[in-house]
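The next block holds one structure in the form of structure tokens; read it before the comments.
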Amino acid sequence: MDGWIYPFIFGMDLPQVVATVFHRPEAAMALAPKDQSVDTLVELYRQNAAMARVAWNPYLYDPRLKRRLARIGAPTLLAWGEHDRLAPLVCAEAWRKEIPGARLVTFAHSGHVPHLEEPAAVASAVVEFCEGVPA
């Protein structure tokens with residue numbers, strides 16, 4: 001999006017993925033498996049394989065996305081972490097410009113997953129946004 005090339009997370013080890021996705025690495029614990037059983041590891045493998053199938057080619061990006069964003073007719077809130085290293089603010093600004101009437105709210109203490117790093121702030125932003133949307 002606007003010249004940004006997404007980092008290749010499929011080639012990263014877990015600490016690199018966490019550092020890319022999270023601003024506050026301790027928030028990653030919310031996604032950590034509760035155990036290391038074979039069943040859990042198989043499920044994680046299946047999830048990652050599904051993500052790779054969906055996001056591999058083109059890599060985490062649909063070249064037609066930018067022109068399709070203008071078709072969005074629903075009220076749109078973009079909740080973006082200010083420290084997002086996967087899709088930084090340049091992407092958020094591009095989306096905001098293309099989606100008619102979109103509102104961008106950024107979160108100062110978040111990376112790519114503000115809903116996990118600042119859940120109360122994101123929930124508050126969503127409630128405020130929804131209260132302002134005509135019924």
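Note that this is a predicted model, so its numbers are computed, not measured.
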Exercise. Would you indicate whether the side-chain heavy atoms of Leu78 and Val105 approach each other to under 4.5 Å?
Key: no
Quiz item: How many angstroms lie between CD in Glu93 and NZ in Lys97, if you round to the nearest 0.5 Å?
Solution: 7.0 Å
Quiz item: Of the non-hydrogen atoms in Leu89 and Trp80, which two are nearest, and what is the gap between them?
Solution: CD2-CD1, 3.9 Å
Quiz item: Quick one: does Phe107's side chain get under 4.5 Å of Glu117's, heavy atoms only?
Solution: no
Exercise. Please examine the side chains of Val126 and Cys130, heavy atoms only from C-beta on, and report whether any two atoms are closer than 4.5 Å.
Key: yes
Self-check item: Nearest-0.5 Å distance that lies between atom CZ in Arg53 and atom CG in Asn48
Solution: 10.5 Å
Quiz item: Are Arg71 and Glu98 within salt-bridge range, i.e. N to O under 4.0 Å?
Solution: no
Quiz item: Distance-only, no hydrogens or angles: does the Ser110 side chain make a donor-acceptor pair with backbone N or O of Val113 under 3.5 Å?
Solution: no
Practice problem: With the side chain counted from C-beta on, respond yes when Pro119 and Val122 share a heavy-atom pair under 4.5 Å apart, and no when they do not. | Solution: no
Quiz prompt | Gln16 side chain to Asp13 backbone, donor-acceptor under 3.5 Å | solution = yes
Practice problem: Kindly give the heavy-atom pair with the smallest separation between Pro114 and Gly81, and that separation in Å. | Solution: CG-N, 3.9 Å
Quiz item: Quick one: hydrophobic cluster around Val38, which other residues, with the 4.5 Å side-chain cut-off, linked directly or via members?
Solution: Val42
Practice problem: Please round to the nearest 0.5 Å and tell me the distance separating atom NZ of Lys66 and atom SG of Cys91. | Solution: 10.5 Å
Practice problem: Please report the closest heavy-atom contact between Val18 and Ala28, naming both atoms and the distance. | Solution: CG1-CB, 3.9 Å
Quiz item: Can you hop from Leu86 to Leu116 via hydrophobic side chains spaced under 4.5 Å?
Solution: yes
Quiz prompt | Leu44 and Pro33, any side-chain heavy atoms less than 4.5 Å apart | solution = yes
Quiz item: Given the rule that I, L, V, M, F, W and Y join up when any side-chain heavy atoms are under 4.5 Å apart, are Met29 and Val21 in one cluster?
Solution: no
Practice problem: Decide yes or no for Arg103 and Thr76: does some side-chain heavy atom of the first lie under 4.5 Å from some side-chain heavy atom of the second? | Solution: no
Practice problem: Might you point out which heavy atoms bring Val133 and Pro75 nearest each other, and give the distance in Å? | Solution: CG1-CG, 3.6 Å
Quiz item: Are Leu65 and Ile72 connected in the hydrophobic side-chain network, where two residues link if heavy atoms are under 4.5 Å apart?
Solution: yes
Quiz item: Tell me, which pairs form a salt bridge (Lys or Arg N to Asp or Glu O under 4.0 Å) where one or both residues lie in residues 21-43, sequence neighbours left out?
Solution: Arg24-Glu26
Practice problem: Return each pair, listed once, that meets ring pair (Phe, Tyr, Trp, His ring centres under 6.0 Å) where at least one residue sits in residues 12-39; pairs must be two or more places apart or across chains. | Solution: His23-His83
